[in-house]
Amino acid sequence: MDAPSDLAHDGTRADALVTVRAHPAAQPPPPTRAAEILIMDKSLSMAGRGKLDEAKRAMCAAVDTLRDGTLLGIVAGNHRADVVYPATGGLATVDAAVRQEAKSRIAGQLAEGGTAIGHWLTCADRLFTAVTAPGAVRHAVLYTDGKDEHETPEQLDGVLRACTDRFVCDARGLGDDWNYAELLRITEALHGSAEAVVTVSDLTEDFTRIMRQAQRIVVARVYLVLRLNHRFRLGFVRQTRPVEAELTARPHQDDGTLHVPLGAWPPETRQYQVSLRFDPETLTVDEDLRAVRLTLYAEQPDGSRAPCSESRAVVVRRRSTPGFGIPPSADLTRVENEHELGMAMRACADAQQRGDFARADRELHLALGLAEDLRDTVRTRLLRSVAVTGPDGRPRVRRDASRGEMQRLGLRSTRTTVPPLDAADLPPADGTAPRRCPRCGATTAAHGARFCEECGGLFDEAETGGPSVDAP
């Protein structure tokens with residue numbers, strides 16, 4: 001935890017960065033009941049260019065990837081939501097016969113109707129109620145090729161509030177006619193990943209990887225529990241790595257503590273920013289004061305919650321001398337700059353799509369400067385892919401940049417990278433160089449590792465030039 005203790009005399013804010021590392025279990029974990037719901041878009045726009053056939057192929061590949069014993073449901077959505085499998089409703093236990101029958105039902109779907117994603121998620125939530133086993137992992141994945149046009153934003157928001165902390169959902173935008181902001185709203189609320197699949201044939205590989213990642217999850221839900229000093233109040237909680245997500249609206253109270261749902265994830269590292277507010281006049285100067293105590297809780301196999309980490313306290317001290325500011329730590333400064341970079345990228349994408357190229361150019365220039373200062377090679381490369389040099393020598397948005405390119409820019413604006421560390425470039429003790437992930441830049445000295453711990457990318461495919469799909 002990075003939590004600077006000194007507070008300016010007239011300051012009103014205290015921040016902490018909390019890093020959570022989920023490691024593979026040293027021993028085989030106890031069997032975890034898992035439920036998977038696959039949501040396919042069968043709206044009329046899927047009929048063209050073989051999109052529905054490719055999507056069916058991806059859905060079938062996902063079914064084949066599931067382990068025996070997994071509970072499975074399949075939803076086909078347009079302006080309604082139909083349970084494709086099992087036909088009787090509920091969820092089916094995966095075995096060879098179930099896989100075959102599920103794939104047959106997927107193959108029989110026809111493209112028709114509009115798009116109302118909230119209906120799809122409501123249907124998935126209803127199916128998940130069939131999972132009675134406490135501590136079960138509930139995961140869904142959906143794709144869409146269009147905008148959520150047959151319900152209002154308020155209706156979708158209401159569905160997301162109802163589904164929060166009930167299941168995790170990954171989302172994919174297929175082609176280039178979807179809305180990146182809608183996918184981000186869904187995955188932010190449901191702790192999932194969002195990605196653009198511009199080439200429809202790439203969806204099969206992507207869905208297969210999602211299923212493999214989901215099956216590595218053994219803890220159904222994780223919570224950051226905050227016990228606040230009465231003189232402090234919560235400003236916000238934000239996930240900062242590997243993807244930015246606002247979590248402030250989700251905490252619920254229990255016995256004087258705030259429980260912030262963090263979702264569930266396979267072995268990887270995540271980081272959170274906790275920001276507190278206070279009235280400086282309520283704090284005694286030059287006196288150590290515990291502002292908040294933080295503990296990580298995990299849902300147990302019996303459905304109860306128990307601590308899975310030691311508690312850490314944020315202890316602060318208000319300085320006695322007025323007029324002197326306290327600079328934030330380097331890590332906190334980086335997190336704030338990364339947040340600003342993401343906002344500039346989204347503002348650039350939005351301005352370009354409404355034809356305001358002057359604003360888009362300004363935001364692009366700002367975003368490129370921030371990305372280069374942060375040494376964020378992934379987002380720098382993405383920004384340069386939509387940029388050209390203008391007559392004044394400054395970068396500007398390409399006037400022929402496609403909608404799909406700008407949607408990808410907005411969608412990936414929330415992805416952050418591992419801060420560059422000089423120590424990461426040093427060789428390990430055995431003299432061999434560490435392996436660097438070509439997608440996110442993270443390094444590992446574990447030469448037998450197949451996946452990048454930070455982004456989930458497959459080392460082997462990236463290193464041998466094989467097929468690759470950007471990790472969420």
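In summary, the side chains of Glu336 and Gln273 do present a donor paired with an acceptor at a separation below 3.5 Å, with no hydrogens or angles considered. Using a 3.5 Å distance cut-off with no hydrogens or angles, the side chains of Arg57 and Thr204 do not pair a donor with an acceptor. For the residue pair Gln213 and Arg216, a side-chain donor N or O sits within less than 3.5 Å of a side-chain acceptor on the partner.
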Walk me through whether Asp177 and Asp145 qualify under side chain to side chain contact (heavy atoms under 4.5 Å, CB included). CA-CA 6 Å; Asp177 198 35; Asp145 77 327; over 6 Å; no
Report the C-alpha separation of Arg412 and Tyr180 in whole Å, then their side-chain angles, then the decisive distance to 0.1 Å, and conclude whether the side chain to side chain contact (heavy atoms under 4.5 Å, CB included) test is met. CA-CA 9 Å; Arg412 293 189 176 179; Tyr180 82 84; over 6 Å; no
Please determine whether side chain to side chain contact (heavy atoms under 4.5 Å, CB included) holds for the pair Val18 and Leu296, giving the CA-CA distance in whole Å, both sets of side-chain angles, and the decisive distance to 0.1 Å. CA-CA 10 Å; Val18 180; Leu296 202 66; over 6 Å; no
Can you list the steps and then say if Lys42 with Leu110 is a side chain to side chain contact (heavy atoms under 4.5 Å, CB included)? CA-CA 7 Å; Lys42 67 167 187 176; Leu110 300 175; over 6 Å; no
CA sep, side-chain torsions, deciding dist, call: Lys51, Glu54, salt bridge (charged side-chain N to carboxylate O under 4.0 Å, His left out): CA-CA 5 Å; Lys51 282 193 290 186; Glu54 288 290 350; over 6 Å; no
Could you walk me through whether Arg394 and Asp361 satisfy the salt bridge (charged side-chain N to carboxylate O under 4.0 Å, His left out) test, starting with their C-alpha distance in whole Å, then the side-chain angles of each, then the deciding distance to 0.1 Å, before giving a yes or no? CA-CA 9 Å; Arg394 292 162 61 94; Asp361 291 346; over 6 Å; no
Between Arg384 and Glu372, does a salt bridge (charged side-chain N to carboxylate O under 4.0 Å, His left out) hold up when you go through it step by step? CA-CA 11 Å; Arg384 287 177 178 165; Glu372 289 168 356; 2.8 Å; yes
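In this structure the side chain of Leu142 never reaches within 4.5 angstrom of the side chain of Asp41, judged on heavy atoms. At least one side-chain heavy atom of Arg270 sits under 4.5 Å from a side-chain heavy atom of Pro242. Looking at heavy atoms from C-beta onward, Tyr272 lies in side-chain contact with Leu262 at the 4.5 angstrom threshold. Annotation: side chain of Arg241 is in contact with side chain of Glu338 (closest heavy-atom distance under 4.5 Å). Side-chain atoms of Leu190 and Leu121, non-hydrogen and from C-beta on, do get closer than 4.5 Å to each other. Between Met406 and Asp176, the closest side-chain pair of non-hydrogen atoms is not below 4.5 Å.
If you take CG on Asp373 and CG on Asn337, they are separated by 8.0 Å, rounding to the nearest 0.5 Å. The distance from the OG1 atom of Thr70 to the CD atom of Glu36 is 8.0 Å, given to the nearest 0.5 Å. For the atom pair CG (Asp2) and CG (Leu332), the distance works out to 5.0 Å, reported to the nearest 0.5 Å. Taking SG of Cys169 as the start and CD1 of Ile37 as the end, the distance is 9.5 Å to the nearest 0.5 Å. Atom CG of Leu71 is separated from atom CG of Leu127 by 11.0 Å, given to the nearest 0.5 angstrom.
With Arg334 contributing its side chain and Leu374 its backbone, the two residues share a donor-acceptor pair below 3.5 Å. Using a distance-only test at 3.5 Å, with no hydrogens or angles considered, a donor-acceptor pair links the side chain of Arg99 to the main chain of Leu66. Judged purely by atom type and a 3.5 angstrom limit, Arg379 uses its side chain to pair as donor or acceptor with the backbone of Arg415. Not a single donor-acceptor pair under 3.5 Å links the side chain of Glu244 to the backbone N or O of Gly342. Between the side chain of Arg138 and the backbone N or O of Asp125 there is no donor-acceptor pair closer than 3.5 Å. Between the side chain of His150 and the backbone N or O of Thr115 there is at least one donor-acceptor pair closer than 3.5 Å. Counting only distance, with no hydrogens or angles, the side chain of Gln271 and the backbone of Thr240 share no donor-acceptor pair below 3.5 Å. Looking only at distances, a side-chain donor or acceptor of Thr122 sits under 3.5 Å from a matching main-chain atom of Gly118. No donor-acceptor distance shorter than 3.5 angstrom exists from the side chain of Arg172 to the backbone of Ala196, with no hydrogens or angles considered. Put simply, the side chain of Asp170 gets close to the backbone of Ser193: a donor and an acceptor are under 3.5 Å apart.
Taking every heavy atom of both residues into account, Leu52 and Met40 meet most closely at CD1-CE, 4.2 Å.
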